[in-house]
Structures are given as C-alpha cells and as structure tokens.
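Inspection log for the structure reproduced underneath, given as structure tokens.
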Amino acid sequence: MNRDAEQHVRGTSRFVADLPLPHGALHAYPAVSDHAHGRIATIDPGPALRLPGVVAVLTARDIPGANQIGGIVADEPALAEGLVRYVGEPVALVVAEDARTAVRAAAAVRLVVDPLPPRLEPDPLHLVCPMQRFELGDVDNAWAACDVIVDGTAASPAQEHVYLETQSALVLPGDGGRLHVHSSTQSPTGVQRAVAAVCGLPMQLVEVDVVRIGGGFGGKEDQATRWAVLCALAAQRTGRAVRLILRRRDDMRMTGKRHPYRIPFRIGGTRDGRILAFDVTFLQNAGAYADLSPAVMQRTLFHCTNSYAVPNVRATAYSCRTNLPPNTAFRGFGGPQGMLAIEWALNAFAEAAELSRESVQRRNLLQEGDEFPYGQRAQAVRAGQCWEALDAQQPPEQVAARIAAFNASHPWHRKGYAYQPICFGISFTNTMLNQASALVHIYTDGSVGVSTAAVEMGQGVNAKLTAIAADALGVSAQRIRIESTNTARVANTTATAASVGTDLNGHAVRLACEDLAARLRALAMELPDGAGWTEVVAAAYQRRISLTSQHHYATPGIGFDRAAGKGHPFAYHVYGTALLEATVDCLRGTYRIDAVTLVHDAGRSIDTVIDRSQIEGALLQGIGWLTCEEMIWDAAGRLVTDSLASYKVPDTLSAPTVDITLLEADNPLGAASSKAIGEPPLMYGIGALFALRSAVQAFRPDRPPVWDPPLTAERVLMALYGAR
Ligand code: MTE
Ligand code: LUZ
Ligand code: MOS
C-alpha cells in the first residue's frame, strides 16, 4: 500500500504550500498575455508597483542569465520578450508581501500588444522540429493486394492533467549565492538546470528538493520548471524567500495539455480481415513552444500499430507550432494518440469489410517475433495470453448474448461493448535518459535512509523502493525511509516519467543495498551467533566499515537510431486486454461506462494494492479523455473550459465497476521482476469510444455515426438525432 496513505488521510502530508514559510517570505505571481499572438509594444509595471505591498515587478530585462527554459529545443523564454505566442504566456513577474496582493498586482501590470493573427490548428508548414517517419515493408505496393481500402481522419482530443496540487515553488536564498528550491516537479534536475541557466549560476549552487508532489501525470515533467525559475529569479533579486502557487484557473489557462492531433490515414486488408497496409500522418498540435513535443510525437509513431502485426506501415509525424500554451507530457506520452489512430482505422476497416471490429482485432494480434515498425522484434508477447484469459472469464458468446438480450428488452436504452488490447513500450525512447542512481545510508541505530532520483507523485514508488531495499538488506520495511528527492544527494536525475520510476531507481536501490548487505554479511560471520541487525550495524561502525553505498543503473541492451528510425528502444512491452461495456440512454444521450473487465500483464507485482489502483486510476483517466473531458478554446485562443465547473473529469460516482486480473510472470528487466504500471492501463480507456459507438449503432443502425471524441452526452445526442 502507498506509504503516504495514512498521512494523506490525516492531512499531515506536506506539499509545497504546506512548507513553513521563513520570516519575511514574499509571494510571486505572473502577469500574462491576453493575446494568443502579437508584438509586445509596452510592459508598464507602474499600476502594479503603485499597489501597497508590491516589492518588485520583473521582466525579461531583469534576467541575469539566459532567458531560456526550452528542454529539447531552445525556443522558450522564461518571460516573453518581443513577441507573445499564447494566451497565458508570462511577460512579467510581480513580487509582493502577500499572495493576494501579488495576484491583484499581476492583473494590474499594463501590457500593450500589437496583435498578430493566431494559428490554433496544426499546419505542417509550421513545425517545432523536423518531420519524422517510421517505415516497415512496402506500403505503396501493398495496396494492390488489398480487397478493402479505407480512408479516414481520426481526431485525438486534448486533456487537462488536473493534478490536485497546482504548479508550485518555494525558493530560499542560501549562503554564498545558493538557491534552495522546493518545487512540485517530476524533474528535479530539469528544474536545477533551468534555474541555474536563467539565474546565471553554476548548477552546484542550485539545490532542488522534492518531498512528494500532489500528482503530476506528466504535467510536471517539464512544465514545473517555469514556475520554479520565476520564483528563483525573484528570490535571487530580493534576497528573500519567495513562493509562487498558481491558482487552479490560472494553472489551467497557463499550462500545456495532452496534445490534440488530427490524423489522416489509409488502411487496407483482405476481405477476411487481415490488415496488410497502414499509411498514417500525425498532425500534432504542439502549441507555442517545443517543450517535450518532439519526444511525444516520436512515441506516437512507436505506438501507431498498438498490439497488432501490420506488415506494411508508413507513419509520418509533424509537430506543428500553434498559438496555444505549449502542450506537454501526459500519461501515455503520445502513445494514446498513436493507439487511438490504429483503433480508429481498424474500426473503419471492419465496417467497410462488414466484419466485427473484434474479429479484425483478434485476427491481427501481435505474435512472438513479429517486427514493430521501428525494427524491434516482439519478445515475451502476452497479447494473446491476456485476451484468452479474459475470454475464459467472459466467454465472448455469453457477452454478445447478454448485451443482445438487454437491447431487445429495453426500448430506450442500448448497451454496447468493445475490446481494447494494449501494448506499451517501456523505456524512455531517448536512450540516454534510462539511468538512475541511489544513495543508501545505514545510521548507527539501524535505521536506513534511501535517496534516489524518483519523485513520489501518488503512484507509490516510495512503497515499492522500500520493499526492494528491505528485501535486499534483509530487514523489515519499518526500518527504511525513502528520503526526499534532492539534487545535492542524488545528482543528474532523469525525470520520474515513462513509467520507469520503479524500474530504474529500483535496480539502483537493489544494487546499493546488495553492496551493503554483502559488507554486513561478511562481518556477521565474525560475530557471535544470533547478532541482530542493530548489533551488526553497530559492529560495522566500530570497525570503521562504511555504512553508506551509492550505485548507478543503466538499462542494458537498448538503443535507437533516430535517423534510420530503427533499433531496440524498449527494454520490454506491457500487454493487456480489457472488455468495456456501456449503456446509452437513447432519449437523452447520457450514458454510463458500466463495467470493465481486464487482464493486465503485470510481471511479478511488488505491491498489488498499488498496481490495482494504478490500473483503475489510469483506466478512468483514459475513459475521461475520450468521453466527458472536453477542452474548448475560443477563436482568439482563450481557454473556455478553465475550471472544474466547465471541464468535467470522471468522478467516483461515474466510475465503472472494474474487475482486474493481474497476469503474473517473470520480467528480468523490471525491478524485482515487476513490470512498469503507471501509464499503460490508460489506453484501455480507448475502448470506451467504441463501446459507446456500438451502443449508438444498436439504436440507430440506419445512421453511420459521426464521431469526434470526446464523446460528451451532447455529442452522443447529436450522433443519435442531429443533422449531419
Ligand atoms: N499516479 C498518481 N497517483 N499520480 C500521478 O501523477 N503519474 C503517472 C503514473 N501514475 C501519476 C500516477 C505517470 S504519467 C507516470 S509516467 C508514472 O506514474 C510515473 O511514476 P512511475 O514511473 O514510478 O510509475
Ligand atoms: N518522457 C520522455 C516520457 O522524455 N521520453 C519518453 O519516452 C517518455 N515516455 C513516457 C512518458 N514520458
Ligand atoms: Mo508520465 S507522462 O511519463 O509523466
């Protein structure tokens, strides 16, 4: 179980907002652009400075180092200079004695912009990075062998992260120009690097510390950086502690989302359902700056055949610059868009070939040794095994009969169902990032402190690392404490992301603890029988044996040639299959996703409570993405759905009953033989779209449904009755 659970329930867990403020601490808030695109004519801080309690207003000119926070592409200023490129882009930072004054004064900064026309839709003529393509087989010559060829365009919607803790930072100026940064970030080193560059300091003078964060979901993989950087600038300038906490509405307006995509495709295959060719183009809406978009776009290509073997593929991706906030990492990291595309295309093919979607899915399921479009061969494939285990629980004829019987006996309600297999590659696709280290101290009282690169964000990585350390040291978990993630204790950390927090840090912890265990075991041989842990530890200290160990881990055997688009980027894949059932009220368009039964390839689960809750949470987040969560920007590029009153996330009352079976098997490259769990189950949610579609089709078989997710109740109603 998550070690923080009890503290969370009692309200004693500390987030950035709960850290005690030092005497004289100041509060910062950004003044932002109200225009999606334009030339900055004037930034007049006068009206803000005249408010009592305002200490300073900083602009790009006050930056001592580089005005640059771009992680992959150096294209993003910390504070806009010359041009503004999205609504909500920070142009100045107000520093005040209290938070309310800072917020009020930020609104008082007078910004004059000469507007330029905004571009809100992706256009491949305006890119943030070069086009990228994966190719397998020979698509152009494969069409001739196809009996059925379908063209279509899939649409993949945006999604807001809705982490409970909004973007937050607290920076304390330290001795000799040092900055101590508390940041709600998944990437402490990312924050450290950017703070150092913008403040004109060497990285050694910037220490970033993260106890835990109140959810990240990818939204703090890159985008916590800006707020920590702004806070650091103010702390450096004023010599006082400075805190910045975004209000929910501003967080929603100012930060990036899951990338919306437009996805034209052509798919073809035989009359009996064998897919022979898939040609797909991904037009990614990157927003105003590159952020992580090039990497997200690449993972879309990696997952554009999901768990299917397609012999001829051409997948092309364009990351397009627009005037929305820079879109960013979000659980699945481009994978959901790639997998939605192939599911959409398979469904279109099945309808054209007059086959069931399910039969086409089953017919093309990945087999051992099949080649992915990026050259890696599928090994230890569990696609078929998961599906068979699901069938054993829910025999397909019984499912079909149950749904048909319901539909025959209800005049205004229709049930639909859909199968949703997943196949998700585990490793950062940028091979360099697949490394971690751990620092383990045993104190003379026998307690153990473990520091790693992993950030606890609710996913339970600390509980898993504790279990791994306890096992390797041969002590009870009670003796072990996972320390905050701190760049002075563990340097050069990779972001806790790509679902590999436990894999990378778990291996590093195991190696460090095995060193210590070996030292102590050798010593224990010399001690009288029955010497316990504390005696052995005390004896080690007495004999001047080090009770500290540090270890580094790098995933072996992976690599990827970006230019060729070929390699072995993933340590392994995670598989699974879900069956999703939905009921639509065909008078109102309202619906429920009733029940989900799934079999998930979990490796040897380190903690089944955590893994089951990760599956449930990810599934619900995936369902929300394609059903009730609708992001709307107006023609001027302003976010309309900027609060939880207008942006609907699924709640516990709307959650389906979920029946999870963990398919356990050894996984040599996973930590303690487990498999990464954080992101893959999100993509079971794709099935919600097709379950709803089949329910609507059952009511209106005469109307080919029009579908652009998210399938809100309004859209379902339009599908049932609207003009087309
Ligand atoms: N679970 C909770 N409760 N909160 C989160 O923010 N983030 C998800 C997933 N599960 C998240 C979560 C994402 S996007 C990732 S990449 C993984 O957790 C990261 O943690 P891990 O690598 O330790 O699984
Ligand atoms: N971040 C990243 C990720 O930089 N590279 C990845 O491959 C990735 N995958 C999932 C989530 N975050
Ligand atoms: Mo998760 S999108 O890798 O933070």
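First listed ligand is number 1; within each ligand, the first listed atom is number 1. Just so you know, residue 1 is the first one in the sequence shown, and it goes up from there.
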Are [X] and [Y] linked by a side-chain donor-acceptor pair shorter than 3.5 Å?
X: Thr189; Y: Asn492; answer: no
X: Asp222; Y: Thr328; answer: no
X: Gln223; Y: Thr255; answer: no
X: Arg489; Y: Ser451; answer: yes
X: Asp651; Y: Ser654; answer: yes
X: Glu221; Y: Gln186; answer: no

Should [X] be counted as touching ligand 1, given the test is an N or O pair under 3.5 Å?
X: Gly216; value: yes
X: Gln614; value: yes
X: Ala498; value: no
X: Gly501; value: yes
X: Gly458; value: yes
X: Gly215; value: no
X: Gln459; value: yes

Centroid-centroid under 6.0 Å between [X] and [Y] rings:
X: Phe134; Y: Phe302; result: yes
X: Phe424; Y: His303; result: yes
X: Tyr163; Y: Phe217; result: no

With a 4.0 Å cut-off, would you call [X] and [Y] a salt bridge?
X: Arg377; Y: Asp370; value: no
X: Lys257; Y: Glu160; value: yes
X: Asp642; Y: Arg253; value: yes

Among all protein heavy atoms, pick out the one at the shortest distance from [atom]; state its residue, atom name and that distance to 0.1 Å.
atom: atom 4 (O) of ligand 3; answer: Gln186 NE2, 2.7 Å
atom: atom 5 (N) of ligand 2; answer: Phe428 CD2, 3.3 Å
atom: atom 7 (O) of ligand 2; answer: Thr429 N, 3.0 Å
atom: atom 4 (N) of ligand 1; answer: Met457 O, 2.9 Å
atom: atom 1 (Mo) of ligand 3; answer: Glu679 OE2, 3.7 Å
atom: atom 17 (C) of ligand 1; answer: Gly678 CA, 4.1 Å
atom: atom 15 (C) of ligand 1; answer: Glu679 CG, 4.1 Å
atom: atom 6 (C) of ligand 2; answer: Phe333 CE2, 3.5 Å
atom: atom 8 (C) of ligand 1; answer: Arg331 NE, 3.7 Å
atom: atom 5 (C) of ligand 1; answer: Phe217 CE2, 3.2 Å
atom: atom 9 (N) of ligand 2; answer: Arg299 NE, 2.9 Å
atom: atom 1 (N) of ligand 2; answer: Glu221 OE2, 2.6 Å

Evaluate the ring planes of Phe372 and Tyr374, with Trp represented by its six-membered ring, and classify them as parallel (under 30°), tilted (30 to 60°) or perpendicular (over 60°).
parallel
Ligand 3 atoms in contact with Gly218 (distance to a heavy atom under 4.0 Å)
2 (S), 4 (O)
Need the ligand 3 atom indices (1-based, order shown) with element for anything under 4.0 Å from a heavy-atom of Arg331.
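It comes down to these atoms of ligand 3: 2 (S).
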Is there a ring pair (Phe, Tyr, Trp, His ring centres under 6.0 Å) between Phe330 and His161 once you walk through the steps?
CA-CA 7 Å; Phe330 195 143; His161 300 84; 4.3 Å; yes
When only distance counts, is Glu679 in polar contact with ligand 2, meaning an N/O pair under 3.5 Å?
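N/O-N/O distance below 3.5 Å does not exist for this pair.
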Need the ligand 2 atom indices (1-based, order shown) with element for anything under 4.0 Å from a heavy-atom of Leu433.
4 (O)
Checking contacts here: is it the side chain or the backbone of Glu221 that comes within 4.0 Å of ligand 3, counting heavy atoms only? Could be both or neither.
side chain
Checking side-chain contact (heavy atoms from CB on, under 4.5 Å) against Ile69, which of Val198, Val191, Asp291 comes through?
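Testing each of Val198, Val191, Asp291 against Ile69, the sole residue satisfying side-chain contact (heavy atoms from CB on, under 4.5 Å) is Val198.
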From the options Val574, Thr661, Asp611, Leu663, select the one residue that forms a side-chain contact (heavy atoms from CB on, under 4.5 Å) with His600.
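Of the listed residues Val574, Thr661, Asp611, Leu663, the side-chain contact (heavy atoms from CB on, under 4.5 Å) partner of His600 is Val574.
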Nearest non-hydrogen contact to atom 24 (O) of ligand 1 from the set Ala497, Ala618, Ser499 belongs to Ser499
Nearest heavy-atom neighbours spanning His8 and Arg212:
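Scanning both residues completely, I find the closest heavy atoms to be CE1-NE, 3.6 Å.
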Closest heavy-atom pair and its distance - Tyr684, Ala578:
CD2-CB, 3.4 Å
Answer side chain, backbone, both or neither: which part of Ala329 comes under 4.0 Å from ligand 2, heavy atoms only.
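Neither part.
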What part of Ile213, side chain from CB on, backbone N/CA/C/O, both or neither, has a heavy atom under 4.0 Å from ligand 1?
neither
Heavy atom under 4.0 Å from ligand 1: found in Gln186's side chain, backbone, both, or neither?
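Under 4.0 Å from ligand 1, Gln186 contributes no heavy atoms.
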Distance-only N or O hit between ligand 3 and Ser499, under 3.5 Å:
no
Close-contact set for ligand 1 against Gly218 heavy atoms, below 4.0 Å
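Selected atoms, number and element: 14 (S).
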4.0 Å heavy-atom contact, Ala498 with ligand 3
yes
